[in-house]
Amino acid sequence: MAALPRVLNVNVGVLGHIDSGKTALARALSTTGSTAAFDRAPQSRARGITLDLGFSCFRTALPPQLGPGPGELQFTLVDCPGHASLIRTIIGGAQIIDLMMLVIDVTKGMQTQSAECLVIGQIACQKMVVVLNKIDLLPEGKRQSAIEKMTKKMQKTLENTKFCGCPIVAVAAKPGGPEAPESENPLGVSELIEVLKSQAYLPSRDPSGNFLMAVDHCFSIKGQGTVMTGTILSGSVSLGDNVEIPALKVTKKVKSMQMFHTPVTYAMQGDRVGICVTQFDPKLLERGLVCTPESLHTIHAAIISLKKIQYFRGALQTKAKFHITVGHETVMGRVMFFSPAPADFNEEIQENAFDFEKDYLYQEEYLSKDSKSSEENKENDQSGEVQLPRQQWALLEFEKPVTCPKLCLVIGSKLDTDIHANTCRLAFHGVLLQGMEDKNYIETFLPKLKVYKLKHKEGQVERVMDDYSVIGRSLFKKETNIQIFVGLKVKLSTGEDGLIDSGFGQSGKFKIRIPDGLKPETKTLLTAASKKKSKAGKGDANKEDESSKNDSAQPVTITLLFKRYVFDTQKKMIQS
């Protein structure tokens with residue numbers, strides 16, 4: 001293994017409900033404030049809440065599990081805003097986090113946004129520490145028992161998540177609240193630092209591949225140029241490199257770089273860095289992406305593989321609109337869900353690839369244990385077990401184009417839900433498998449996507465013509481052009497196979513050819529039924545009612561099954 005760099009950087013996300021004391025905790029932990037730290041923005045100070053991702057850091061000696069030898073461990077704290085409407089920012093921040101601190105107000109416990117932060121953590125993060133903050137608000141005599149009670153409660157909440165059994169630490173980041181004098185020492189913070197050290201791991205960092213950085217602040221320095229600060233998501237960057245700012249469609253040269261006020265000549269994935277490039281107006285890029293020239297694509301639609309988030313209440317419906325967060329942008333988009341063909345429900349999951357050769361089944365909604373479509377499957381499947389596919393996909397169509405890396409995290413949410421409603425607004429998460437860069441993707445690209453709908457039509461045999469043909473009704477509307485259905489296979493409820501031969505008369509009736517001939521018992525049944533009908537016609541009305549009762553008890557039904565590809569411009573009907 002290569003020698004460790006002198007300073008190992010671990011990004012720690014500080015997430016939690018608004019007013020749980022995240023910024024105070026970051027301040028108590030930090031020694032070196034970076035440019036964006038501690039609610040410097042004027043509108044943030046006025047509202048007393050964090051509006052953007054704040055960053056700061058502190059260093060400790062390398063813990064033994066990270067290898068022998070001298071060196072320092074740098075914790076970069078990413079203070080994510082807790083205000084519900086700022087969930088977009090949190091999602092942007094979560095993609096660069098190695099370890100997460102979920103901050104809980106010990107007097108309130110889990111709140112709506114704490115739950116949303118937990119969901120984001122499960123999607124984007126491997127490890128978590130829960131911090132019970134504001135223990136100074138608990139009366140001293142009952143403090144210990146209150147902390148134990150809340151700790152048990154949190155352990156129960158985390159039982160069914162990937163953070164089951166994670167450390168839970170009690171602190172008071174700012175005893176006495178924001179107005180208290182600075183001389184008040186925080187409680188439990190040194191213990192928390194020890195826990196963070198024990199949880200630190202060597203994040204897998206890879207300097208190869210295209211350079212991509214998430215910029216969260218931008219400002220200009222007179223006579224030097226414009227500085228973009230952010231975290232490198234992939235690849236590496238060196239002095240003198242050209243980098244592209246896709247949002248502005250410009251390429252700039254890297255003039256100088258700094259990591260926490262120290263000049264550097266090279267930085268790689270996971271590093272937090274300020275890059276100074278030739279001058280441009282910083283207002284044009286408050287946050288966004290910087291990358292190796294031409295390495296990102298701007299797309300109008302995408303195919304993603306996805307999973308529903310278990311805490312989201314309600315179905316995920318095809319044609320519904322969601323806020324889609326892709327890379328660092330959030331746009332409105334419409335979804336269409338699809339699954340493997342039923343025979344392939346148990347196929348191995350395809351990671352990070354999509355197979356255009358296969359057929360896929362259109363779904364009215366994402367299939368889950370409680371979805372309507374799976375209710376129907378349950379009826380068809382005698383065992384009562386719901387058959388769910390191992391993998392599902394969606395076609396996303398964006399209201400405006402999005403610039404993002406080729407394979408990136410996608411999160412769908414309903415951010416227009418009332419922020420005070422006690423409900424999780426994150427609906428699904430997935431991976432972008434295929435982006436569509438052509439504005440005319442509906443004509444140029446979608447016909448390659450073989451998603452089909454199964455069509456099921458039923459009609460009835462009206463009467464027998466001869467041993468090899470019958471007349472059917474109620475399969476088509478009066479105005480349907482029956483010509484396009486000629487030659488399709490149908491099945492009678494008595495077991496015979498037939499072919500639609502031609503239309504019959506003007507009222508949507510049609511003739512069916514039975515190549516192997518009608519069974520004698522079918523013929524008897526149909527002849528009896530039509531005799532009853534004609535008798536009833538001659539007799540009185542009551543008899544007619546009775547005979548139609550008998551008749552409807554035993555009609556011979558005609559079933560027509562075919563599939564049609566959703567994006568086939570010719571709307572061909574296909575039978576296997």
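What you see is a predicted model, and the numbers here were worked out from it, not measured in a lab.
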Quick one, [X] and [Y] - any side-chain contact, counting heavy atoms below 4.5 Å?
X: M100; Y: M128; result: yes
X: L316; Y: E365; result: no
X: R564; Y: Y362; result: no
X: M336; Y: V451; result: yes
X: L446; Y: L395; result: yes
X: P246; Y: T298; result: no
X: I232; Y: M213; result: yes
X: I309; Y: E116; result: no

Under the ring-ring contact (aromatic ring centres under 6.0 Å, His included) rule, collect the residues that match up with [X], sequence neighbours excluded.
X: F211; result: none
X: F356; result: F354, F445
X: F337; result: none

Distance in Å, [X] [atom1] paired with [Y] [atom2], rounded so as to fall on 0.5 Å steps:
X: K414; Y: L426; atom1: NZ; atom2: CG; answer: 13.0 Å
X: E458; Y: L561; atom1: CD; atom2: CG; answer: 8.5 Å
X: K252; Y: E244; atom1: NZ; atom2: CD; answer: 12.5 Å
X: R390; Y: S339; atom1: CZ; atom2: OG; answer: 14.5 Å
X: F75; Y: N11; atom1: CZ; atom2: CG; answer: 11.0 Å
X: T226; Y: I275; atom1: OG1; atom2: CD1; answer: 12.5 Å

**side chain to side chain contact (heavy atoms under 4.5 Å, CB included) partner of C404, the single match among L432, L296, V410** = L432
**Prompt:** Ring centres of F322 and F428 under 6.0 Å apart?
**Reply:**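 Judged by ring-centre distance (under 6.0 Å), F322 and F428 do meet the cut-off.
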Kindly list each side-chain donor-acceptor pair under 3.5 angstrom involving residues 475-483, sequence neighbours excluded, with atom names and distances?
from, atom 1, to, atom 2, distance (Å)
T480, OG1, K477, N, 3.1
T480, OG1, K477, O, 3.1
N481, OD1, Q483, N, 3.0

**Prompt:** Can you say whether the rings of W393 and Y360 are parallel (under 30°), tilted (30 to 60°) or perpendicular (over 60°)?
**Reply:** perpendicular
For [X], what residues pass the side chain to side chain contact (heavy atoms under 4.5 Å, CB included) criterion, not counting sequence neighbours?
X: K489; value: L499, Q575
X: T161; value: L118, Q122, L158, F163, Y311
X: S256; value: C276
X: D359; value: K450, Y452, K563, Y565

**Partners passing side-chain hydrogen bond (donor to acceptor under 3.5 Å, both in side chains) against K457 (at least two apart in sequence or in another chain)** =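 Counting only residues at least two positions away or on another chain, K457 forms no side-chain hydrogen bond (donor to acceptor under 3.5 Å, both in side chains).
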**Prompt:** When you measure from the side chain of S220 to the backbone N and O of P282, does any donor-acceptor pair fall under 3.5 Å?
**Reply:**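 Answer holds: no.
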**Asked** For L367, does its backbone N or O pair with a side-chain atom of Q392 as donor and acceptor, under 3.5 Å?
**Response**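 Between the backbone of L367 and the side chain of Q392 there is a qualifying donor-acceptor contact (under 3.5 Å).
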**Message:** Test: side-chain hydrogen bond (donor to acceptor under 3.5 Å, both in side chains). Region: residues 435-448. Which pairs qualify, not counting sequence neighbours?
**Reply:** E397-Y441, D438-T444
**Asked** Can you name the salt bridge (charged side-chain N to carboxylate O under 4.0 Å, His left out) partners of E399, sequence neighbours left out?
**Response**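 E399 satisfies salt bridge (charged side-chain N to carboxylate O under 4.0 Å, His left out) with K321 only.
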**Request:** Please collect all salt bridge (Lys or Arg N to Asp or Glu O under 4.0 Å) contacts where either partner lies in residues 302-320, sequence neighbours excluded, each pair once.
**Result:** none
